[in-house]
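Presented below is the structure to which this report refers.
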Amino acid sequence: MARKARKKAPPKVKFQVSRSGIAGIGVVCFCIFLWMFLLGVWAGQSLLFKAVDTKDLSAASTNTKKNHQFDPVLLTADKHKKKK
């Protein structure tokens with residue numbers, strides 16, 4: 001009996017990166033993660049503090065002792081609990 005012809009395996013894909021290339025990828029990833037962290041902190045600050053009214057700004061500029069620009073929003077879990 002004749003042998004069946006084997007199919008050739010498709011060529012494997014290889015990526016070769018030098019040590020400096022790996023270091024460069026690490027630096028780029030660090031910068032991206034740092035940027036996302038800072039963007040998240042900025043978004044969290046803007047979500048947790050109410051917007052400033054123009055009336056509050058005019059009153060705050062005249063009175064320097066009470067210069068409140070932001071009123072923090074207090075989050076409590078009591079509002080979301082089901083009452084039995």
Side-chain angles (χ1 to χ4, degrees):
M1 263 182 145
R3 289 186 183 178
K4 292 183 181 179
R6 288 187 178 178
K7 292 183 180 178
K8 289 186 178 180
K12 295 181 180 179
V13 179
K14 289 184 178 181
F15 291 103
Q16 295 181 352
V17 183
S18 65
R19 289 183 182 177
S20 61
I22 292 173
I25 291 171
V27 169
V28 169
C29 288
F30 176 76
C31 291
I32 290 171
F33 289 140
L34 180 65
W35 174 251
M36 292 304 292
F37 174 75
L38 294 175
L39 190 65
V41 169
W42 174 75
Q45 290 281 331
S46 62
L47 288 176
L48 289 177
F49 292 106
K50 289 192 242 178
V52 180
D53 293 334
T54 56
K55 295 176 186 176
D56 292 340
L57 286 176
S58 62
S61 63
T62 57
N63 189 359
T64 57
K65 290 183 181 178
K66 292 185 178 181
N67 192 4
H68 299 289
Q69 292 183 356
F70 298 105
D71 293 331
V73 177
L74 299 177
L75 301 175
T76 59
D78 295 337
K79 294 180 182 178
H80 300 292
K81 289 184 180 178
K82 293 182 180 178
K83 294 181 180 179
K84 291 182 180 181

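Because the structure is predicted, anything quoted here is derived from the model rather than measured. We use all heavy atoms of the structure for the numbers below, so side chains are in, but hydrogens, waters and symmetry mates are not.
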Per-pair distances, 0.1 Å, donor-acceptor, side chain in residues 8-15, under 3.5 Å, sequence neighbours excluded:
none

Enumerate donor-acceptor pairs with a distance under 3.5 Å from any side-chain N or O in residues 17-32 to protein atoms, sequence neighbours excluded.
from : atom 1 : to  : atom 2 : distance (Å)
S18  : OG     : S20 : OG     : 3.1
S18  : OG     : G21 : N      : 3.3

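Scored by the side-chain contact (heavy atoms from CB on, under 4.5 Å) test, Q45 finds V41, F49 as partners (sequence neighbours excluded).
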